[in-house]
Colleague: 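One structure, pasted below without further comment.
Each residue takes its place number in the sequence, starting with 1.
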Amino acid sequence: MKEINFKSLIITLVVGVAIWISPVPEGVKSNAWHLLAIFVATIVGIISKAATMGTMAVIGITLCAATQVLAPGDPVKSIQNALSGFGNSTIWLIGLAFFIARGFIKTGLGTRIAYSFIRIFGKSPLGLAYGLNTADLILAPAIPSNTARAGGVIFPIMKSIAMNMGSVPEKAETHRKIGAFLTLSSYNANMITSVMFLTATASNPMAQKFARDLGVTITWGSWAIAALVPGLVCFLLVPIFLYKVFPPELKETKEAPAIAAKQLKEMGPMTIKEWLMVATFFILLVLWIFGNLFAIDATTGALIGLCILLLCGVLTWEDVKSEKGAWDTIVWFSSLVMMGSFLNSLGFIGWFGQLVGGQMAHLSWQLAFPVIILVYSYCHYMFASATAQVAAMYSVFLAVGIAVGVPGTMLAIFLGACASLMGSLTHYGHGPAPIFFGSTYVDLKDWWKQGFLMSVLFLTVWFLVGGLWWKAIGLW
């Protein structure tokens, strides 16, 4: 019972029932409205932590099947539709990428990459920040859980270095030496790397799937190209920006390269399994980037990569079975995608998009575009993950934008990026946030203050630099 918050569960139930029994708006099918009640209740339960995401997802699937909202009067088709999310290739792409990411952690390759960059760049706080962030950037395409990248690779190394440099978590007076600076730099860089690749965090493929439902096709390559320039500009600016507005007391960290070199020496030379992991990583990148040339889907490419790792002994089937994060993600992701897809196919998303779009019809798309992005972005204060925001709001805001004439691909990618970029706002805004905030190097006031400033920086870059880049590549 420890996983159940009964107060939040009651609130969740009340919200769901209130929507269910309220009058069905004109132009909306009754079963679509009732599906909305289940969907909203599921999201509220996830946000309020009424139960774990997996528990809320299974409850959502069960309610969809039991109430037959997906196929009224047909119990067999109802359960088939309720389980249809498990047949979605995008969901399995994320699950497979979790399994592949286990190879980086199991072989030690991820840790080796991080220490290697610290040894090269770590003579100053800025160098340390760029070293850690570059390691995150390199790992991002292949590790779809930014929480795993942050918590399993970057954060332990960052904290170890900060402590060696004199920033002790238990001593508040030492936090600003370097620990607070590295914490915010590493966390916000993780938000950036999470939006630069389709496979860098779970919410991106979810956005891709919802965009496809609305007629906007996004591939791994098209996402990476669109995010490349604004992503790299943000990546380069974050440490410099923080160095100006939230500077570390230490100005030199000459000991850091020596610490990294010592750790690398203890790790010894690269093992055969690490080399196999490197080779598989490059095979995956080729398949994901140029898959269209070989008629190979991204999920098929991930299956090929997993098979290579299993056949070479880098991973075992026990590793796959024990990857709880992957199986957990497959379950809750399937539930949310299933409900979101049926809200669209049953006509609710289109109806709502036209309703809101009608209110914005007097605006040109050039004016509607920033309004949509800004409202969507700062709604993130209400969400504890990018996935929850994408599930709850992405399709509606994308539909509204398309209805008023905003170029679909540009808006779809920008909205998808905002869900992660706005994780900077709060200490709960994305999966890695509690990990970094838990270091105690940054107090709540500073986290929210710097987070808001960071959100302004991100949006400015994506509107201005991104807008020019998207014009150059023909997205508008």
Side-chain angles (χ1 to χ4, degrees), residues 25 27-28 192 195-196 198 203-234 340-341 343-383 386 389-422 425 455-476:
V28 178
I192 297 164
V195 304
M196 292 183 67
L198 184 64
S203 62
N204 296 347
M206 179 181 278
Q208 178 200 34
K209 172 64 174 64
F210 290 155
R212 186 187 305 141
D213 291 342
L214 292 171
V216 179
T217 300
I218 303 171
T219 65
W220 195 96
S222 64
W223 182 294
I225 291 171
L228 175 65
V229 172
L232 283 177
V233 171
C234 286
S341 295
L343 280 173
N344 182 60
S345 63
L346 291 174
F348 175 80
I349 298 298
W351 170 82
F352 189 80
Q354 290 179 359
L355 179 67
V356 178
Q359 303 299 316
M360 301 178 67
H362 64 286
L363 297 178
S364 66
W365 75 259
Q366 290 88 346
L367 289 176
F369 178 46
V371 171
I372 290 169
I373 292 296
L374 289 172
V375 173
Y376 181 83
S377 294
Y378 288 102
C379 281
H380 196 82
Y381 278 108
M382 299 185 295
F383 293 94
Q389 183 175 20
V390 169
M393 302 178 66
Y394 181 87
S395 292
V396 173
F397 276 71
L398 180 57
V400 168
I402 292 173
V404 298
V406 181
T409 302
M410 177 176 72
L411 179 61
I413 293 174
F414 199 169
L415 285 174
C418 285
S420 287
L421 290 174
M422 294 302 105
L425 289 170
S455 74
V456 174
L457 174 68
F458 289 162
L459 289 174
T460 301
V461 170
W462 279 70
F463 271 123
L464 298 181
V465 178
L468 292 173
W469 172 240
W470 298 328
K471 180 67 173 178
I473 62 177
L475 291 188
W476 65 279

Colleague: Ignoring hydrogens and angles, tell me if any N or O in the side chain of W469 forms a donor-acceptor pair with the backbone of L228 under 3.5 Å.
Modeller: no
Colleague: Do you know which two heavy atoms are closest between V390 and A419, and how far apart they sit?
Modeller: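 Distance-wise, the nearest heavy atoms are CG2-CB, 3.6 Å.
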Colleague: Please list all pairs meeting ring-ring contact (aromatic ring centres under 6.0 Å, His included) that have one or both residues in residues 389-409, counting only residues at least two apart or in different chains.
Modeller: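 Those involving residues 389-409 are Y376-F397.
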Colleague: Can you give me the closest heavy-atom contact between W476 and G467, atom names plus distance?
Modeller: NE1-O, 2.9 Å
Colleague: Distance from M393 atom CE to L398 atom CG, nearest 0.5 Å?
Modeller: 12.5 Å
Colleague: If every non-hydrogen atom of V195 is compared with every non-hydrogen atom of N204, which pair is closest and at what distance?
Modeller: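 V195 and N204 have their closest heavy atoms at CA-ND2, 4.2 Å.
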Colleague: Can you tell me how far apart OG (S420) and CD (Q389) are? Round to the nearest 0.5 Å.
Modeller: 9.0 Å
Colleague: For the atom pair CG (L468) and CD1 (I473), what is the distance rounded to the nearest 0.5 Å?
Modeller: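 Between L468 CG and I473 CD1, I get 11.5 Å after rounding to 0.5 Å.
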Colleague: Show, in sequence, the C-alpha distance, side-chain angles and deciding distance for S395 and L343, and conclude whether the side chain to side chain contact (heavy atoms under 4.5 Å, CB included) test is met.
Modeller: CA-CA 9 Å; S395 292; L343 280 173; over 6 Å; no
Colleague: Nearest 0.5 Å, please: how far is CD1 in I225 from CH2 in W223?
Modeller: 13.5 Å
Colleague: Would you name the heavy atoms of A226 and L475 that are closest together and state the gap between them?
Modeller: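 Smallest heavy-atom distance, with atoms named: CB-CD1, 4.0 Å.
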Colleague: Let me see the working for L411 and V216 under side chain to side chain contact (heavy atoms under 4.5 Å, CB included), right down to the final yes or no.
Modeller: CA-CA 10 Å; L411 179 61; V216 179; over 6 Å; no
Colleague: Per the side-chain hydrogen bond (donor to acceptor under 3.5 Å, both in side chains) rule, what does the pair list look like for residues 207-218, sequence neighbours excluded?
Modeller: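 Counting only pairs at least two positions apart or across chains, the side-chain hydrogen bond (donor to acceptor under 3.5 Å, both in side chains) contacts touching residues 207-218 are K209-D213, K209-S341, D213-S341.
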Colleague: Taking all atoms of both residues into account, what is the closest heavy-atom pair of W365 and V406, and its distance?
Modeller: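 Smallest interatomic distance, heavy atoms only, reads CB-N, 3.6 Å.
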Colleague: Do any N or O atoms from the side chain of S222 and from the backbone of I218 form a donor-acceptor pair under 3.5 angstrom?
Modeller: no
Colleague: What's the separation between atom CZ in F463 and atom CG in L374, rounded to the nearest 0.5 Å?
Modeller: 5.0 Å
Colleague: Hey, mind stepping through C418 and W462 against side chain to side chain contact (heavy atoms under 4.5 Å, CB included) and telling me if it holds?
Modeller: CA-CA 9 Å; C418 285; W462 279 70; over 6 Å; no
Colleague: Please round to the nearest 0.5 Å and tell me the distance separating atom CZ of F414 and atom CH2 of W470.
Modeller: 5.0 Å
Colleague: Is the shortest side-chain heavy-atom distance between S377 and F458 below 4.5 Å?
Modeller: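 Heavy-atom side-chain distance check fails, nothing below 4.5 Å.
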Colleague: Of the non-hydrogen atoms in A391 and F210, which two are nearest, and what is the gap between them?
Modeller: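 Taking A391 first and F210 second, the nearest heavy atoms are CA-CE1, 3.9 Å.
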